2 protein chains.
Amino acid sequence: MALLFKSSWDRADWWRAELLKRIPDLDFRVWPEVGDEAAIDYALVWKPKPGDLARYRNLKAVFSLGAGVDHLFADPTLPKVPICRLVDRALTRGMAEHVLTHVLRFHRNLPGYERQQRAFEWKGLPIKLPEERTVGVMGLGELGGAAAATLADFGFGVRGWSRTPKTIDGVESYAGGGALDAFLSKCEILVCLLPLTRATEGILNRNLFAKLPRAACLINAARGGHLLEEDLIPALDTGQLGGAALDVFRVEPLPRGHPYWTHPRILITPHVASVTDPRSSADLVADNIRRIDAGEAPLYAVDPAKGY
Amino acid sequence: MALLFKSSWDRADWWRAELLKRIPDLDFRVWPEVGDEAAIDYALVWKPKPGDLARYRNLKAVFSLGAGVDHLFADPTLPKVPICRLVDRALTRGMAEHVLTHVLRFHRNLPGYERQQRAFEWKGLPIKLPEERTVGVMGLGELGGAAAATLADFGFGVRGWSRTPKTIDGVESYAGGGALDAFLSKCEILVCLLPLTRATEGILNRNLFAKLPRAACLINAARGGHLLEEDLIPALDTGQLGGAALDVFRVEPLPRGHPYWTHPRILITPHVASVTDPRSSADLVADNIRRIDAGEAPLYAVDPAKGY
């Protein structure tokens with residue numbers, strides 16, 4: 001059987017080695033060396049161009065090289081086959097680690113101490129116990145749920161917002177649009193780990209910021225499309241938001257002239273919150289190939305109607 | 001019975017309220033309103049001047065307002081009565097939180113991403129799993145032990161160095177001067193939480209830095225006296241050390257002209273790693289007063305020979 005690999009980010013040689021360990025007879029092809037298009041059974045891809053996948057007419061499934069599938073649903077000609085997210089313990093742990101790092105950075109007010117250092121100022125800033133600090137996580141799926149659980153384990157007051165109610169130890173669940181304002185009203189630190197869909201595109205905007213407590217901090221590790229980019233700097237400059245740690249952007253790499261680069265209250269990381277590691281991620285891809293070959297349903301196939 | 005409170009840092013009114021809740025008949029006196037010096041039974045102090053305590057000739061014990069007692073042993077006329085450290089769950093948790101925050105900051109290379117942001121650079125930096133990262137904790141007492149355990153719980157590779165061997169889950173114990181070089185040889189992030197004694201004064205120096213892996217990062221949350229201040233910047237400038245997060249200094253507040261303020265690889269926090277909160281700390285002080293009054297030994301009395 002043949003699998004087509006296409007990504008300008010992930011390393012084909014690593015994926016080839018890891019998948020061949022698990023499925024020795026796999027015909028692993030790397031785009032653009034596709035060969036006979038009709039022979040391609042599976043596509044393992046990151047951000048294919050719209051129309052790319054439609055040409056493989058015998059495709060049985062598409063596997064995303066990341067946790068998100070928005071890069072696939074952006075294509076109106078996406079084949080009507082199972083579309084599978086990547087779910088992997090290392091990817092999930094990496095995201096929880098990114099979130100805890102940035103929550104602790106805001107919780108302990110390191111940006112404030114950095115500003116004081118530049119001004120030669122020696123002054124203790126207000127501090128709270130973690131249980132006195134409310135952190136809100138938008139999106140309680142694989143990644144958001146793990147991040148929320150990690151924050152709760154550490155002792156933070158954690159609440160989560162998702163489409164449907166979720167049960168996670170130590171995390172207060174808010175579900176649906178009607179609960180959004182109540183959720184936001186206490187979030188001193190807001191973490192976005194939503195899937196990017198038509199319903200969540202641009203959700204981080206001035207109206208939402210206005211519902212947060214004053215000087216709340218924003219951590220976006222989901223997709224650049226969640227944030228209405230032009231609304232962020234005004235919210236920071238008025239003090240409605242106290243700071244932002246952004247890992248994702250509408251256009252990546254973030255263009256050189258973008259005002260985020262030089263804003264004193266924005267910390268930029270270059271989409272590194274959590275990265276796919278084929279040493280562990282290849283397990284799920286190999287497992288899904290075996291399942292589909294055996295006529296079983298693949299794991300972590302997304303619902304095209306919801307888009308995640 | 002009478003207790004004398006003296007500190008230019010801690011709030012007398014908070015301590016008075018919390019201690020009177022526990023010992024309603026306590027005669028709580030705030031320096032300089034001492035009254036009859038011979039009537040003072042207990043001293044609850046932070047950084048008294050040398051000679052200060054010698055005048056209270058009926059003193060039964062001295063209670064430090066912090067975890068360290070080096071500020072007391074600096075006084076050659078310190079009365080020969082029990083000298084007690086402050087041990088308190090909130091103080092211990094606060095220190096573990098400070099250490100985890102700064103370890104994660106170095107582990108995820110936030111200083112590197114901040115440098116890249118200033119240069120408009122979009123590039124992922126090498127990342128490791130926490131279990132691939134070795135963090136060393138010097139000092140495994142109340143605070144160091146808790147910090148090491150917190151790091152181990154998160155999954156870091158943790159080793160600790162102390163005078164005598166310690167058993168902490170997930171922490172590799174190195175004990176005594178003979179084991180120091182072996183301990184240091186793998187520490188990518190080094191945390192100092194030693195007590196300050198004649199044996200540990202100036203222990204963070206060029207010789208020690210040279211034994212760490214190249215580009216190791218230093219977190220000092222113990223005392224400024226542990227660091228030979230003039231050795232730090234050369235080690236950072238040659239790249240032997242990759243960064244330093246300092247909460248304590250020889251002279252505090254750190255003097256305006258000190259070169260640490262402006263060094264790009266030093267993050268300064270103004271001795272805020274963990275602060276005493278009388279709401280919880282008053283328990284131990286009240287308990288120790290009751291114990292001494294009942295003829296029992298107080299808790300957390302230090303060994304004057306060791307100095308901690």
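From a predicted model like this one, the values you see are computed outputs, not experimental measurements. Chain letters run A, B, ... following the sequence lines, proteins first, then strands; residues in each count from 1.
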Counting only heavy atoms not in [X], do more than 12 sit closer than 6.0 Å to its [atom1] atom?
| X | atom1 | result |
| --- | --- | --- |
| B/R279 | CZ | no |
| A/D13 | CG | yes |
| A/R250 | CZ | yes |
| A/R89 | CZ | no |

Tell me whether [X] contacts the main-chain N or O of [Y] through its side chain, where contact means a donor paired with an acceptor under 3.5 Å.
| X | Y | answer |
| --- | --- | --- |
| A/E114 | B/I268 | no |
| A/E252 | B/W122 | no |
| A/R108 | B/A273 | yes |

*Top contributor to chain A interface from B/G112, B/P253, B/A245 [non-hydrogen pairs under 4.5 Å]*: B/P253

_Would you say that B/P130 contacts A/R93 through its side chain, given a criterion of any heavy-atom pair below 4.5 Å between the two side chains?_
yes

*Distance in Å, B/D277 CG paired with A/L129 CG, rounded so as to fall on 0.5 Å steps*: 7.0 Å

*Give the intermediate values and the outcome of side chain to side chain contact (heavy atoms under 4.5 Å, CB included) for residues A/L104 and B/H102.*
CA-CA 9 Å; A/L104 283 170; B/H102 288 274; over 6 Å; no

*Of all the heavy-atom pairs spanning B/P270 and A/G124, show the shortest one and how long it is.*
CG-N, 4.1 Å

Which atoms of [X] approach chain B - backbone, side chain, both or neither, heavy atom under 4.5 Å:
| X | result |
| --- | --- |
| A/E97 | both |
| A/R118 | neither |
| A/H107 | side chain |
| A/F154 | both |

_side chain to side chain contact (heavy atoms under 4.5 Å, CB included) evaluation trace for A/F120 with B/L254_ = CA-CA 9 Å; A/F120 307 98; B/L254 187 66; over 6 Å; no

*Check step by step if side chain to side chain contact (heavy atoms under 4.5 Å, CB included) holds for A/L100 and B/L100.*
CA-CA 10 Å; A/L100 181 63; B/L100 181 62; 4.2 Å; yes

*Apply side chain to side chain contact (heavy atoms under 4.5 Å, CB included) to B/T101 and A/L110, showing your working.*
CA-CA 9 Å; B/T101 300; A/L110 297 193; 3.9 Å; yes

*With only heavy atoms counted, which part of B/F249 is less than 4.5 Å from chain A, the side chain, the backbone, both or neither?*
side chain

*Relative to chain A, which segment of B/H98 carries a heavy atom at a distance below 4.5 Å: side chain, backbone, both, or neither?*
both

